[in-house]
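FYI, side chains are in, hydrogens and waters are out, and symmetry mates aren't considered; it's all heavy atoms of this structure. Below, read A as the first sequence line, B as the second, and so on, with proteins coming before strands; counting in each chain starts at 1.
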Number of protein chains: 2
Amino acid sequence: MKRQRTQRNVTMVDIATATGLSLATVGRVLHDTGYVSAESRKKIEAYIQKTGYVPNKIAQGLKSRQSKLIGHLVVFNPNMLFAKISLAVNAAAREQGLHVLTMTSHKGLEEDEALVNELIGHRVDGVVVTSNVSMPKAAIQKLVDRNIPVVMIERTLAVPRVDRIRVDDLGGARLAVQHLLDHGHRRVGFIGMHLFHEVERLRLAGYRDALLGAGQTAQDDLVRLMAEYSPEAGKQAMESFLAAPEPPTAVFATSDLFIGGVLQALHARGLRVPHDLSLVGYDDTLAAMFAPPITSVGLSLDDVGRQAIDLLLKRQPTPAASARTLTLGTVLIDRGSVACMA
Amino acid sequence: MKRQRTQRNVTMVDIATATGLSLATVGRVLHDTGYVSAESRKKIEAYIQKTGYVPNKIAQGLKSRQSKLIGHLVVFNPNMLFAKISLAVNAAAREQGLHVLTMTSHKGLEEDEALVNELIGHRVDGVVVTSNVSMPKAAIQKLVDRNIPVVMIERTLAVPRVDRIRVDDLGGARLAVQHLLDHGHRRVGFIGMHLFHEVERLRLAGYRDALLGAGQTAQDDLVRLMAEYSPEAGKQAMESFLAAPEPPTAVFATSDLFIGGVLQALHARGLRVPHDLSLVGYDDTLAAMFAPPITSVGLSLDDVGRQAIDLLLKRQPTPAASARTLTLGTVLIDRGSVACMA
DNA sequence: CGAAAATAAGTTAACGTTAACCTATGAAGC
DNA sequence: GCTTCATAGGTTAACGTTAACTTATTTTCG
């Protein structure tokens, strides 16, 4: 009945003493290097099999000064965009034998500093920042100063020696608005978020670009900048459009999160998409779920994870290289929520 | 111009030699234990401040045999449910000085075994499993055998010595269906997923319970079990209801992911919620975003993270305790998508 | 005044893995 | 018959932190 209270994990030393061989020989079997007799190998492998020995990554990390961990700072927003990125980063990391320490920031500035310190404490081999929150430049700088490679996804703030992966937001917005213009719409509404974040500035620029390209003048009376991405904000914006003297015939929303609210506002007045209003979303996270399904701008996130990890690993040997920026393309996913103007 | 290629991180030994004090004294300052003169303390703290020393958790982990990491095995499904749980687990872990190694499984059985081995390699202090995929019992057993505490969220499979946090799916489904019955509906449709997972069996049981309680007989012709949670599946199910000789007047869907499709099917025939069909969803992840907003059963996930971490930490001192199950309540969030039968 | 207690600090051995370095056999090769 | 080399294996010192010991000084007080 005697049972050790907290039985220790099997170690290489345990294997060595149990097989009567030395630590070095055990190491040689584990790493498949050097000369080991078939007999010794068999003995060691049998013992490993029997005990289910798993090498201790903590000890390996201490020795190699590499944690094989990467940090992922991410704020899950209400659509699945960042969750998708999280998934992609995880998969790509695993392919490289890395693991991901996910940290979700929700409070403000101070906490971000703390998060970064914790990542440093764990001696992460790199950090991916996926976030539209205002992580202070200083916090990121702290990582850079320690030669910890950093990649930022969907964050246009430039920091020296930090690689970025961004989406071609200007092009994406232009794609959406051009689609509306091509269907003969001339009064095109824009529902976006305040311009604190560069991504929104670019989307608005893309909207204006497309209008100007079609010989239209700026339609700033049809621009609504809300405080957040949410159905409520979308509803407010749409109601405000409907109350205007000359409402738009088409609307581009910079996030699929606005769509539900837009539809609710229309629904309340008995109006329908695309008959009474043409609508295009952005992200393509939710657009397929509405009735009717909504045309939206999809972001090519397929291998954003692999690219992020690639950038991190490439930076390792040459810490001082200048920053690279990778721009992901966008594609319009047509679901028929845009009608032709007669 | 000479610059060390990969300048090492500052260590306690560095602090000791730089200040002319011993390793032990540095340790005493860092842990605020024992006797240290004000002068020595000041010297050490100044050096720490200057160099930005951050303790190496890897070395601490090796010494203490505690990684301060917990593993989170999770499959992000298309609604935000699991992302929400991930967030909650992260926040709760951080409050306890733990960090989360997130692992997203997507392939099948074999990979799950590998994931578990990697968690063991990192010597995680506990594992949270949030997943409706079929992670083999054997993989979980492997963790249990090593006295690594495991908590399963929303997974009804019972494993010895593994704590569970589940949702009262039977009660939740009953709540939804009772709501429909209370409004006078007698032909109530059920859209769920195949009964491979216990959660779906419980939801179906809740549906039947409510019907029987109202003196109704089972309405198995109004039950549709789909292959996946998705708008497409919801659409198919609803179309099949509409093609039936006597369609239901109300529908309960076991996931908000079905709702979009249900609305699309209705929309195609010019039918409206709640006028032509009453609808209640489940999860309350997306229901608020539709037009009209849909009544749904919300899960009390607020402190699911804290509870998960609590269970893990409580299990630490007494590894052999029997399994506990925590059941989370549900609440009906009424958004008016249910009409009274005249 | 001397013993006990408080204060201040140093030494050293783990924790589990890796890798450089060393030793000892046979078997070829000249 | 000696050197060279391929084979098989052992010893040991890191990696950075912790904590148990040990060693001095001062105080405190019966």
Can you give each donor-acceptor pair under 3.5 Å made by side-chain atoms of residues 32-41 of chain B, sequence neighbours left out, with the distance rounded to 0.1 Å?
| residue | atom | partner | partner atom | Å |
| --- | --- | --- | --- | --- |
| B:D32 | OD1 | B:R41 | NH1 | 3.3 |
| B:S37 | OG | B:S40 | N | 3.2 |
| B:S37 | OG | B:S40 | OG | 3.0 |

Closest non-hydrogen contact found for B:A308 with B:V128 is CB-CG2, 4.4 Å
Might you point out which heavy atoms bring A:S67 and A:R123 nearest each other, and give the distance in Å?
-> OG-O, 2.7 Å
Among all residues two or more places apart in sequence or in another chain, which pass the side-chain hydrogen bond (donor to acceptor under 3.5 Å, both in side chains) test with [X]?
X	result
B:T325	B:R164
B:K68	none
B:D303	none
B:D163	B:R315, B:R324

Lys/Arg-Asp/Glu bridge criterion (N-O < 4.0 Å) met for A:R166, A:E154 = no
Salt bridge B:R94-A:E118, side-chain N to carboxylate O under 4.0 Å | yes
Here the distance between atom P of C:dG16 and atom CD1 of B:I120, to the nearest Å, is 16 Å
Rounding to a whole Å, what distance do you find between B:E39:CD and C:dA9:C1'?
-> 13 Å
I'd like a list of close polar pairs between nucleotides 17-27 of chain C and the protein, N/O only, cut-off under 3.5 Å.
| residue | atom | partner | partner atom | Å |
| --- | --- | --- | --- | --- |
| C:dT17 | OP1 | A:Y53 | OH | 2.6 |
| C:dT17 | OP1 | A:N56 | N | 3.2 |
| C:dT17 | OP2 | A:M12 | N | 2.6 |
| C:dT18 | OP1 | A:H31 | NE2 | 3.2 |
| C:dT18 | OP1 | A:Q60 | NE2 | 2.8 |
| C:dT18 | OP2 | A:H31 | NE2 | 2.9 |
| C:dT18 | O2 | A:K63 | NZ | 3.2 |

Please output the side-chain donor-acceptor pairs of residues 42-55 of chain B that fall under 3.5 Å, not counting sequence neighbours, one pair per line with the distance.
| residue | atom | partner | partner atom | Å |
| --- | --- | --- | --- | --- |
| B:T51 | OG1 | B:Y47 | O | 2.8 |

For C:dA9, does OP1 or OP2 lie under 4.0 Å from any side-chain N or O of B:S37?
-> yes
Residues which pass ring pair (Phe, Tyr, Trp, His ring centres under 6.0 Å) with A:H99, listed by chain and number, not counting sequence neighbours | B:H122
End-to-end bend of the helix from C:dC1-D:dG30 to C:dC30-D:dG1 (five-pair axes, 10° rounding)?
-> 50°
Going by atom type alone, with no hydrogens or angles, which donor-acceptor pairs under 3.5 Å involve a side-chain atom of residues 10-29 of chain A and a protein atom two or more places apart or on another chain?
| residue | atom | partner | partner atom | Å |
| --- | --- | --- | --- | --- |
| A:T11 | OG1 | A:V13 | N | 3.2 |
| A:T11 | OG1 | A:D14 | N | 3.2 |
| A:T11 | OG1 | A:D14 | OD2 | 3.4 |
| A:D14 | OD2 | A:T11 | N | 2.9 |
| A:T17 | OG1 | A:V13 | O | 3.1 |
| A:T17 | OG1 | A:D14 | O | 3.1 |
| A:T19 | OG1 | A:I15 | O | 2.8 |
| A:T19 | OG1 | A:A16 | O | 3.3 |
| A:S22 | OG | A:A24 | N | 3.3 |
| A:S22 | OG | A:T25 | N | 3.4 |
| A:S22 | OG | A:T25 | OG1 | 3.3 |

Would you call B:N117 and B:K142 a side-chain contact if the rule is heavy atoms closer than 4.5 Å?
-> yes
B:S22 or A:N9: which one's nearest nucleotide on DNA chain C is closer to the 5' end?
-> B:S22
Distances under 3.5 Å between nitrogen or oxygen atoms of protein and nucleotides 5-7 of chain C:
| residue | atom | partner | partner atom | Å |
| --- | --- | --- | --- | --- |
| C:dT7 | OP2 | B:Y35 | OH | 2.7 |

Within residues 40-52 of chain B, those residues having any heavy atom closer than 4.0 Å to DNA chain C are B:S40
Side chain of A:R65: nearest nucleotide among D:dG16, C:dG16, C:dG10?
-> D:dG16
